[in-house]
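Heads up, the thing below is written out as structure tokens.
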Amino acid sequence: MRTVERLQKWKDSGAITAAQFDAIAVLVRKDRFSIFVELNVLLYLGVLFFVAGLGWTIQAYFANLGDAAILIGLSALLAASLYYCFSRTPEWSRARVESPNLAFDYALYLACLVFAAELGYIETRFQLLAAHRDYYLLFSAVLYLIAAYRFDNRFVLSLALSTLATWFGVRMSAFGFISNEPLRLAAISYGGVVGGLGAWLSTKGIKKHFLETYLHIAANILFIAFVSGVFERDRHWLYFAGLMALVVISIHAGVRFQRFAFVVYGTVYGYIGVSSEILRNIHDSTAQLLYVVVSGTVVIVSIVLLARRFGREE
Amino acid sequence: MRCYSESDERNVRLHSLVREWVRSGLLDEAQGTRLGEELRTDLRRTNNFLRIVLFLFTGLIVGAAVLLVLEVLQIHDTPRTTAVCGITAVLSFALAEILIGEFRLYRFGVEEALAVAAVVLLVIAGAGMSERAKIESIFALAFTIGAIGSLLLYGRFGFVYAGIAAIACAAMIPFPLAHEPATQRMFAGAILAGIFLVAHRYHRIHGDEFPGDDCAVFQAAAWAGLYVALNLQMTSAGITTGRFYWATYALIWILPIAGLRMGIRNRDRLLMDVSAAMALATLITNKAYLGGEPQSWDPILLGLLLMGTAIVIRRWLASGPNGERYGFTPVRTLSKHDRLMTVVSTASAAFQPQPSSPAPEPATARPHFEGGRSGGAGASGEF
């Protein structure tokens, strides 16, 4: 029986109303066909290409164009984008706010990227903050964060979080530690700050729908930092303990809130960390392979049990 | 031949549609539960995240188990390694069959990894059996086994990705067999065009209902593959002029347009999206095809074109009666559209564009006019 026939049967039996049948059947028959995602992807790619070309042009022709022309051009573009956003923005709300139109989100995203280009140009040419130029990153991240919350824009939120990550990286590298330690500490601090900030804002009821973006980014950064620490010879037990704590939290929360991506993070990163610790002390290749077979089987059995209990939904 | 019945396949698909309609607010929760009960099958399923973990770990175990057998039995020669791979392939396939037959697993990850591992091991065994042959023959045999094995997987278990792998392997067969790049691509193109026509025909017969939905995927995959095989600037072919070169140039314009036309006419989303991506690839590679130098403003123009196209289409559709024209609407109709954009925006954190800035000039440039080469503002000169 085809889908439309099944819908008709449900309508006839009273399982769905006539209005529901009309609304669904029109989608199934493709009499109403949305190209929402396609238009969004076109706009997103358009912004990316445009900004990439802008950066390339500035780099290639800044000597010919001159500072004034470049700064006036970038400022005009920034002002136009911001004017567009502020003139059309709906009233702010703690809850989710729909964009007034399709291009709105991308105009703001473009404004933020043009702002980054302009700030980068100013600092490179005039070196106003010189040794403290990393504060540009922090300033940009805070500004993007404000813009993301003001205009309810996930692309700008992601931009804010990645800019903040760059600031943490630059800041910690400046301390001059040896090896990968500063980067790892920066990543752990960053993950903690982002996860904490996302959770705090969510508990305050401010843009709760942003929480998952925070948590996915924070979880991946923290896991990568801890796993890379486990691979090191020095202080690896400290990182191992941290990794295990994170694994427990991630899997427990993933199961509890039915967010199984976090179960995947906990399982995969946890397995890599534990295996690294165990295989560090096994030098016989037969024993190593046997370990992989046995431990892999244990993971599969555990996940199957978990799937039977919690993860039945497709 | 299929190990799942047609009604099970249809019910599984309809069940996920019902869930999507509930999430989109078209049905209420109680209705969703009631209709879901009606569509329930005896198949054991899991969500996609756990499925990925189960797939990865099962694949890991199969790989480690083969290596363990080779290690324990001290097998280092090719004939016996081939035999072990062949036997493990049969065992893996049998185990997948047992898991599906006994436990009714459906897209559970474990049975999928076992079945895929069977084909991979069979390819290795096939390559091992012909170790004395020329390397080109070994590759041709491996692709042939891969194509047939993957096709069997699709036929038996219905794994769509196995069908796509079969298409890819089939298209690769001419590459080790023919010496001329033009011949390789012509044969690969002919194979992909043939697959496209067959898939297109079946899609038209079945529509979007099972198995028509699978045919739509294969049709789009073959169409994309045909484009990749013919766009000589996307993959290095070593052909820069001649009749074949200019024929492919014409085709990289014709294929996206024809695909978009078919996709829009039939409301075939996959074909439409693949053709749009092909059109984008044509715009990007056009200059290289004509032997032009890339300019820094090319991406700016392309970006403006993409944004402009999106805005014009949206405005045109939105200005129609009820905000749509010919059934096309720029608004989201299902919640999955929104979820997809959430994933894209979150993932965008990993690849944010970093607008580059010019290199800083020395703080105090002393006038000295020797040694600088043209370009790079004389930065290579010695002071």
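Quick note on labels: first sequence line is chain A, next is B, and so on, each numbered from 1.
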Under 4.5 Å from any heavy atom of chain A, what part of [X] do you find: side chain, backbone, both or neither?
| X | value |
| --- | --- |
| B:E6 | neither |
| B:V18 | side chain |
| B:L301 | neither |
| B:L340 | side chain |
| B:R269 | both |
| B:I264 | neither |
| B:W297 | both |
| B:L39 | side chain |
| B:R332 | both |
| B:F210 | neither |
| B:L17 | side chain |

[X] [atom1] to [Y] [atom2] distance, which is reported to the nearest 0.5 Å:
| X | Y | atom1 | atom2 | result |
| --- | --- | --- | --- | --- |
| B:I52 | A:T267 | CD1 | OG1 | 12.0 Å |
| B:I313 | A:L39 | CD1 | CG | 6.0 Å |
| A:F260 | B:R51 | CZ | CZ | 15.5 Å |
| A:L159 | B:S348 | CG | OG | 8.0 Å |
| B:I311 | A:L102 | CD1 | CG | 8.5 Å |
| A:R32 | B:E324 | CZ | CD | 5.0 Å |

By a 4.5 Å heavy-atom criterion (distance strictly below it), what part of [X] contacts chain B: side chain, backbone, both, or neither?
| X | value |
| --- | --- |
| A:A261 | both |
| A:L164 | neither |
| A:I217 | side chain |

Mind listing the closest non-hydrogen atom pair of [X] and [Y] along with its distance?
| X | Y | value |
| --- | --- | --- |
| A:L54 | B:I300 | N-CG1, 3.6 Å |
| A:I16 | B:Q31 | CA-NE2, 3.7 Å |
| B:L68 | A:T286 | CD1-O, 3.4 Å |
| B:L280 | A:L45 | CD2-CD1, 3.9 Å |

Are the side chain of [X] and the backbone N or O of [Y] linked by a donor-acceptor pair below 3.5 Å?
| X | Y | value |
| --- | --- | --- |
| A:S158 | B:S345 | yes |
| B:R314 | A:N101 | no |
| A:S34 | B:V331 | yes |

Strictly by modelled atom types, are A:R154 and B:T342 linked by a side-chain donor-acceptor pair under 3.5 Å? yes
Within the 3.5 Å criterion, strictly below it, is a donor on A:R6 or B:N11 matched to an acceptor on the partner's side chain? yes
Is it the case that more than 12 heavy atoms not belonging to [X] sit under 6.0 Å from its [atom1] atom?
| X | atom1 | result |
| --- | --- | --- |
| B:N322 | CG | no |
| B:F49 | CZ | no |
| B:R339 | CZ | yes |

Verify whether the ring centers belonging to B:F57 and A:Y271 lie closer than 6.0 Å. yes
Intermediate values then yes/no, side-chain contact (heavy atoms from CB on, under 4.5 Å), B:M341 and A:F36: CA-CA 10 Å; B:M341 288 318 299; A:F36 174 80; 4.0 Å; yes
Looking at B:D338 and A:R96, does any basic side-chain N land under 4.0 Å from a carboxylate oxygen? yes
Could you tell me whether B:E38 and A:K9 have a side-chain N and a carboxylate O separated by less than 4.0 Å? yes
Using side chain to side chain donor-acceptor pair (under 3.5 Å) as the criterion, point out the one residue from B:E209, B:R10, B:R13 that pairs with A:T3. B:E209
